[in-house]
Amino acid sequence: MAGAGRILFVCGSPKGEASSSLLAARTVSHFLKHDVAFVDVAAARLSLDPAQAEPAFREIVEAMREASAIVWVFGAILWHAPVQLKVLFDKCFEQDLRFDGKIAATVLSSAHLFDDFICDGLRLVSEQLGCGYIGDVSVEGVPGGYADCDKAETECRLLAGRLDAALDSGYLPYRRTTDMRPQDLKPLCFGREFPVDGPQRPKTGRKTILVVTGHKLDDNPAARAVYAAIDRASGNRVELFEVAGSGLGPCELRQECMLRGDLSCAQADVFGQLKRRLLEADAIVFVGQCAGTFVDAHMLTLIGRAGSMLIMPQLQGKYGFAVATGGGGLGRGMARYLSDFLTGCGVQSLGGLTEGDGDGQGFAATVAWTVEQLDRALEECWEVPARCLVRTEHYFQREAAAKFGVAVRGYYHYFRRNKLFDFPPILAIRLLVMLLPGRRLADFLIRKSAGMTRARWEKRFGGEAAPSGLSRAVLPRFG
């Protein structure tokens, strides 16, 4: 095999050298006996156009083709990979690129919540790109590294052993999934536009329904039909926000966002305006597209930026539902994902809809019926209880706010203000929060914590330096 024994780590974290996932990947590479290289996808700043093959993308693809094993490296963001890595997947699927005969694995840093769901998604992506998936590692990320070092580094050593053994023996893991239809994977296959019939319902209501789409309606005919069906069937005012072309940038995982007690985002762009519209609306409908086995990159960008709304629900008292276009049978999972996200943000979601492989006319009737139910919910003030997934997320974040009160000062204030603690907050957390009135001291403590984490890493590995950064799109190539 050409390039046998070479392992490429494809890093997608927007935090670059400060990411926990990068240090975990370096730990795996420490135990490997084969040649390794690292690619920083976030630094490459790939365009959101899946059909564009810019030089940075071609360079990354070339590195992937030269490798015998590809390891996806990232921190979990809203139950999936960062949008920077999602864009890479979309380009590969749209441009019919495959990496048959190669081994794939995942190195994930997370808070140990829904890890299996995330890694299963990466297995599906890897196998649809032609790779055999050999396994994954999930470490608990902390500033500058990871917690529970003994267990995390044992996992890293075991994954490295599997990669070495597979490359030495020529073993290719068995694929659990069969190849899906190309049109269900391509991000520019939007699904069918269905006819919208029936009379226009009079706009007699006083409520506002905000429809948020990833792609522009001019580009996505299926979403255009969904929006027309919502507007025709509802007796309330229907407004539209299109993420594509709005100037909304991907989340940069800035630490300062977690230190803000006012729940605002530190990135200065159109997100503040969109958040105001979300807060002012009475109902919210997400219309995403199933692309490359997951929701489209534009909608994933919005979800990443609105992550604080999931951790600290700010949309209580609102109603809504979600629609996923395209993707065939994969659309069901994406519709549920979007609906679960709305519910997690506080919206009382009526569910997720997708056309799948069904009849377009029947789907139009389903959308119209759901909109009628939404109008009834707005008028009658329905109460829809939160389900297990959302309750799990909220309880987990509450525990994190109590445990890491310094790092998540804004979260701590939110949970205390909304009386979501059912036990007395730890006295030490109260004292530390009072000692952190501004960003300067907080940033210093975070940097100090990161430095200590890296120093301990270097000591455990016999003086080997912790990673100092990813300065280029592609780091030192195979020699």
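Here, residue 1 is the first one in the sequence, and each next residue gets the next number. Here the structure is a predicted model, which means the values were calculated and not measured.
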Tell me, with the steps shown, if Val295 and Cys290 meet side-chain contact (heavy atoms from CB on, under 4.5 Å).
CA-CA 5 Å; Val295 70; Cys290 183; over 6 Å; no
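- Remark: the backbone N or O of Gly191 is not paired with any side-chain donor or acceptor of Glu355 at under 3.5 angstrom.
- Counting heavy atoms from C-beta outward, Thr370 and Leu353 have side chains that approach closer than 4.5 Å.
- Proximity of a side-chain donor or acceptor of Tyr319 to a complementary backbone N or O of Trp382 within less than 3.5 Å is detected.
- For Arg224, the salt bridge (charged side-chain N to carboxylate O under 4.0 Å, His left out) test picks out Glu193, with sequence neighbours left out.
- Distance alone, capped at 3.5 Å, places no donor-acceptor pair between the Ser234 side chain and the Asp231 backbone.
- Side chains of Pro14 and Pro82 form a contact here, defined as non-hydrogen atoms less than 4.5 Å apart.
- A donor-acceptor pair under 3.5 Å links the side-chain atoms of Lys203 to the main chain of Asn236, judged by distance alone.
- Here the closest non-hydrogen pair linking Ala229 and Val367 is CB-CG1, 3.8 Å.
- Phe294 pairs by the ring-ring contact (aromatic ring centres under 6.0 Å, His included) definition with His80, Tyr337, not counting sequence neighbours.
- Sorted pairs that involve residues 290-299 and meet salt bridge (charged side-chain N to carboxylate O under 4.0 Å, His left out), not counting sequence neighbours, are lacking altogether.
- When every heavy atom of Thr354 is checked against every heavy atom of Ala335, the shortest pair comes out as CB-CB, 4.3 Å.
- When side chains are defined from C-beta on, Ile230 counts as touching Val285, because their heavy atoms get closer than 4.5 Å.
- Sorted by first and then second residue, the salt bridge (charged side-chain N to carboxylate O under 4.0 Å, His left out) pairs involving residues 79-90 (not counting sequence neighbours) are Lys86-Asp90.
- Considering CG of Leu302 and SG of Cys251, their distance stands at 11.5 Å, rounded to 0.5 Å.
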Does Leu8 form a side-chain contact (heavy atoms from CB on, under 4.5 Å) with Val39? I'd like the steps, not just the answer.
CA-CA 7 Å; Leu8 179 70; Val39 169; 3.5 Å; yes
Under 3.5 Å donor-acceptor pairs involving side-chain atoms of residues 206-218, not counting sequence neighbours:
{"unit_1": "Thr208", "atom_1": "OG1", "unit_2": "Arg237", "atom_2": "NH2", "d": "2.5"}
{"unit_1": "Thr213", "atom_1": "OG1", "unit_2": "His215", "atom_2": "O", "d": "2.9"}
{"unit_1": "His215", "atom_1": "NE2", "unit_2": "Gln289", "atom_2": "OE1", "d": "3.2"}

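- Pairs of residues two or more places apart, or lying in two chains, that qualify as salt bridge (charged side-chain N to carboxylate O under 4.0 Å, His left out) and include a residue from residues 110-124 are Arg123-Glu127.
- Looking only at distances, a side-chain donor or acceptor of Lys91 sits under 3.5 Å from a matching main-chain atom of Gln52.
- For residues 370-381, every residue pair satisfying the salt bridge (charged side-chain N to carboxylate O under 4.0 Å, His left out) rule, not counting sequence neighbours, is listed here: Arg201-Asp375, Arg376-Glu380.
- Side-chain N/O atoms of Ser21 and Tyr146 include no donor and acceptor closer than 3.5 Å.
- For the pair Ile303/Leu338, a side-chain contact is recorded, criterion being any heavy-atom separation below 4.5 Å from C-beta on.
- Taking the centre and axis of the six-membered ring of Phe99, the NZ or CZ atom of Arg65 falls inside the cone set by 45° and 6.0 Å.
- A cation-pi arrangement, defined by a distance under 6.0 Å to the six-membered ring centre and an angle within 45 degrees of its axis, is absent between Lys186 and Phe93.
- The main-chain N or O of Leu188 is found under 3.5 Å from a side-chain atom of Glu94 such that the two form a donor-acceptor pair.
- Between Ala25 and Val107 the shortest heavy-atom distance is N-CG1, 3.9 Å.
- Using the six-membered ring where Trp is involved, Phe38 and Phe9 have ring planes that are parallel, under 30° apart on the 30 and 60° scheme.
- In terms of heavy-atom proximity, Phe363 sits nearest to Val323 at CZ-CG1, 3.9 Å.
- Here the CH2 atom belonging to Trp369 is positioned 8.5 Å from the CG atom belonging to Leu350, to the nearest 0.5 angstrom.
- The distance from the CG atom of Leu315 to the CG atom of Leu342 is 8.0 Å, given to the nearest 0.5 Å.
- No side-chain heavy atom of Asp269 sits under 4.5 Å from any side-chain heavy atom of Gln273.
- Judged by distance alone, with hydrogens and angles left aside, the side-chain atoms of Gln128 form a donor-acceptor pair with the main-chain N or O of Thr178 at under 3.5 Å.
- Residues that satisfy the side-chain hydrogen bond (donor to acceptor under 3.5 Å, both in side chains) test with Lys318, not counting sequence neighbours, are absent from this structure.
- Smallest separation of non-hydrogen atoms from Asp184 and Leu330: O-CD1, 4.1 Å.
- Shown here are the side-chain hydrogen bond (donor to acceptor under 3.5 Å, both in side chains) partners of Ser13, two or more places apart in sequence or in another chain: there are none.
- For the pair Leu22/Phe74, no side-chain contact is recorded, criterion being any heavy-atom separation below 4.5 Å from C-beta on.
- Summarising the local packing, CZ of Arg176 is surrounded by 12 or fewer heavy atoms from other residues, nucleotides or ligands at distances under 6.0 Å.
- Residues forming a side-chain hydrogen bond (donor to acceptor under 3.5 Å, both in side chains) with Ser339 (at least two apart in sequence, or on another chain): Ser349.
- Here Arg98 pairs with Asp100 under the side-chain hydrogen bond (donor to acceptor under 3.5 Å, both in side chains) rule; sequence neighbours left out.
- Between Val137 and Thr106 there is no side-chain heavy-atom pair separated by less than 4.5 Å.
- From Glu239, atom CD reaches atom CD of Glu280 across 8.5 Å, with rounding to the nearest 0.5 Å.
- A distance of 13.0 Å separates SG of Cys119 from CG of Leu124, quoted to the nearest 0.5 Å.
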After noting the C-alpha distance and the side-chain angles of Ser47 and Glu54, does the key distance pass the side-chain contact (heavy atoms from CB on, under 4.5 Å) rule?
CA-CA 8 Å; Ser47 72; Glu54 60 264 57; 3.4 Å; yes
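- A heavy-atom distance below 4.5 Å is found between the side chains of Val243 and Phe241.
- Classification of Glu66 and Arg6 as a salt-bridged pair fails, no side-chain N sitting under 4.0 Å from a carboxylate O.
- A donor and an acceptor atom, one from each side chain of Ser110 and Glu140, are nowhere located under 3.5 Å apart.
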For Arg305 and Leu248: C-alpha separation, side-chain torsions, deciding distance, then whether side-chain contact (heavy atoms from CB on, under 4.5 Å) applies.
CA-CA 9 Å; Arg305 292 294 298 278; Leu248 185 71; 3.8 Å; yes
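- Taking CG from Leu97 and SG from Cys92, the interatomic distance works out to 5.0 Å, rounded to the nearest 0.5 Å.
- Closest approach of Phe271 and Cys265 over heavy atoms only: CD2-CB, 3.9 Å.
- Formation of a donor-acceptor pair under 3.5 Å by the Ser126 side chain with backbone atoms of Leu122 is found in this model.
- With sequence neighbours excluded, the residues satisfying ring-ring contact (aromatic ring centres under 6.0 Å, His included) with Phe89 are Trp72.
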